[in-house]
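These notes are about the structure you will find just below.
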Amino acid sequence: MFFNSFRRFEESAMGVSVNAQDGQNIEYMKAVHEITDSFMYRIIRPWLYSDFIFKWTAYGKRFTANIRRVQEFTRRVIKNKKLNMEVRSKCKDEGLFPNEVPGHSKKRKAFLELLLEHHLKDSSFTEEDIREEVATFMFGGHDTTAMSLSWALYCLGQNPEIQQRAQEELDEIFEDDNSRDVTHEDITRMIYLECVIKETFRLYPIVPFIGRECSEPFTVLGHEVPSGSLCVILITEIHHDPDYFPEPEKFIPERFFPENSEGRHPYAYIPFSVGQRNCIGQKFGMMEVKVVLANILRQFHVTSLDPKDKVLFTPSVTLKNVKPLRLRLELRNH
């Protein structure tokens, strides 16, 4: 049930499944990880900012090869999906498919299908335009979700009383029925679990920093920042500001109850960035994490085996741990 739910969400974005858990498309997943490694290697070495210099380094050559590999994969996904849509459209026009049963709702279309429909109607929206959108979703959506789940389970395993309260909420929603799928209505009722996820994102923001180019000069702490400067915003530091989050190192989901969030500065909590360039998939991502966590907590009790001071981070595009997060899962006694 856990993996079926995850795959349904995976397929709802692109209409295809990477199936990495089954050992498929490993080269694509490896390429994605190596691209982020090359990015981090380059960003902390200013002498590699020049494309001419970087492309001759070992990291630069591997980066270029991996970019090509990812592009080939996304082009193949688009080509196969487009061909499938064209064949189905032709068969439908020729009456080879039976008519839809009245009263039955149509299956919702994947994001990729919507892009292709627009492309088929308007040729100015090219397949390369689609490829860029597909690459963004497939590149930005898989690792962030995986790390979100890892950190949420770790936090719950560190705080058994909070975990119990989340499980009690789920038991009330599902009435101890561990076999049925999660519905949209169920997701809207997971109020406390959502606060747990938000508090996880506060302590462990999945993307720990973002960059912005200044369009106009401004002054901060008496220092003039000129136009065109690249500013790096450390989300982790913002989320640990005691002025907005008293006892910032403690895991307290109640911080995000409506009455406790009232009056908080809108930029004090920005796990999905903010403004015009905020994360396009934040609502989708929250639904993903809710569904998977709900399915795990309905059946298992989670215990974290390592204290917080033993969990070390490594510089990366997403917030990753140096060593594996060790968790023990035990079947719940209902």
Looking at side-chain heavy atoms only, is the closest gap between R328 and L305 below 4.5 Å?
-> yes

Row check, F245 ring normal vs R202 NZ/CZ: under 6.0 Å, within 45° = yes

Does a sphere of radius 6.0 Å around NZ in K79 hold more than 12 heavy atoms from other residues, nucleotides or ligands, not counting ones at 6.0 Å or beyond?
-> no

Within the side chain of S229, is there an N or O that forms a donor-acceptor pair under 3.5 Å with the backbone of P226?
-> yes

Take atom NZ of K250 as the centre, draw a 6.0 Å sphere, and report whether it contains more than 12 heavy atoms from other residues, nucleotides or ligands.
-> no

Does Y59 have R42 sitting over its ring (NZ/CZ under 6.0 Å from centre, angle to axis within 45°)?
-> no

What distance do K81 atom NZ and L115 atom CG have between them, rounded to the nearest 0.5 Å?
-> 12.0 Å

Backbone of H118 reached by a side-chain donor or acceptor of D122 within 3.5 Å = no

Mark yes when over 12 heavy atoms from residues, nucleotides or ligands other than Q276 sit less than 6.0 Å from its CD; otherwise mark no.
-> no

Looking at E161, E168, Q167, which hits side-chain hydrogen bond (donor to acceptor under 3.5 Å, both in side chains) with Q164?
-> E168

Do NZ/NE/NH1/NH2 and the carboxylate oxygens of E72 and R76 come within less than 4.0 Å?
-> no

So do I235 and P208 actually touch side chain to side chain, heavy atoms under 4.5 Å?
-> no

Member of V302, L153, T303 meeting the side-chain contact (heavy atoms from CB on, under 4.5 Å) criterion with Q163 = V302

Decide whether a cation-pi geometry holds between R165 and Y192; the criteria are a distance under 6.0 Å from NZ or CZ to the six-membered ring centre and an angle within 45° of the ring axis.
-> yes

Can a salt bridge be assigned to the pair R189 and E169 using a cut-off of 4.0 Å between side-chain N and carboxylate O?
-> no

Give the cluster check for V232 versus Y49: same hydrophobic cluster or not, with ILVMFWY residues linked at side-chain heavy-atom distances below 4.5 Å.
-> yes

Tell me, with the steps shown, if W151 and F313 meet ring-ring contact (aromatic ring centres under 6.0 Å, His included).
-> CA-CA 12 Å; W151 289 120; F313 308 129; 5.7 Å; yes

Considering only heavy atoms from C-beta outward, does the side chain of Q71 approach that of I67 to under 4.5 Å?
-> yes

Do E133 and T74 touch side chain to side chain, with heavy atoms closer than 4.5 Å?
-> no

Close side-chain approach of T57 to F63, heavy-atom, < 4.5 Å | no

Side-chain H-bond candidate by donor/acceptor type, D177 with S179, under 3.5 Å | yes

Under a single-linkage definition using a 4.5 Å side-chain heavy-atom cutoff for Ile, Leu, Val, Met, Phe, Trp and Tyr, are I43 and L230 assigned to the same hydrophobic cluster?
-> no

Taking the side chain as C-beta and beyond, is there a heavy-atom pair between T126 and I130 under 4.5 Å?
-> no

Check the angle between the aromatic planes of F201 and F272 and answer parallel, tilted or perpendicular using the 30° and 60° thresholds.
-> perpendicular

May I ask you to check whether over 12 heavy atoms, not counting those of Y267, lie within 6.0 Å of atom OH?
-> no

Does one side chain, of E34 or N66, offer a donor that lies under 3.5 Å from an acceptor on the other?
-> yes

Considering non-hydrogen atoms only, spot the tightest contact between Q282 and N278 and give its length.
-> NE2-ND2, 3.3 Å

Could you give the distance from CD1 (I270) to CD1 (I233), rounded to the nearest 0.5 Å?
-> 6.0 Å

Establish, yes or no, whether the cationic atom of R264 lies under 6.0 Å from the six-membered ring centre of F256 and within 45° of the ring axis.
-> yes

For atom CD of E172, is the number of surrounding heavy atoms from other residues, nucleotides or ligands below 6.0 Å larger than 12?
-> no

Quick one: do V207 and Y41 end up in the same hydrophobic cluster if we chain Ile, Leu, Val, Met, Phe, Trp and Tyr together by side-chain heavy atoms under 4.5 Å apart?
-> no

Is the closest side-chain donor-acceptor distance between E216 and S227 under 3.5 Å?
-> no

For the hydrophobic clusters of this structure (ILVMFWY residues joined by side-chain heavy atoms under 4.5 Å, transitively), does one cluster hold both F251 and L297?
-> yes

Which value, rounded to the nearest 0.5 Å, describes the distance between N321 atom CG and T314 atom OG1?
-> 9.0 Å

Distance in Å, H301 NE2 paired with I296 CD1, rounded so as to fall on 0.5 Å steps = 13.5 Å

Supply the atom-to-atom distance L112 CG to H119 NE2, rounded to the nearest 0.5 angstrom.
-> 11.0 Å

Can you see which heavy atom on I187 is nearest to which on K290, and at what distance?
-> O-NZ, 3.0 Å

Do L293 and I173 share a hydrophobic cluster (ILVMFWY, side-chain heavy atoms under 4.5 Å, transitive)?
-> yes

What do you reckon, is CD of E224 surrounded by more than 12 foreign heavy atoms closer than 6.0 Å?
-> yes

Spacing of CZ belonging to F300 relative to CZ belonging to R332, to within rounding of 0.5 Å | 11.0 Å

Any donor and acceptor pair, going by atom type alone, linking the side chain of T219 with main-chain N or O of G222 inside 3.5 Å?
-> no

Would you call R255-E199 a salt bridge at under 4.0 Å N-O?
-> yes

Any side-chain heavy atom of M190 within less than 4.5 Å of one from D186?
-> yes

Taking all heavy atoms of Q158 and all of D306, pick out the closest pair and write down the distance.
-> NE2-O, 2.9 Å

For residues S150 and L325, report the shortest heavy-atom separation together with the two atoms involved.
-> O-CD1, 3.8 Å

Counting only heavy atoms not in E128, do more than 12 sit closer than 6.0 Å to its CD atom?
-> yes

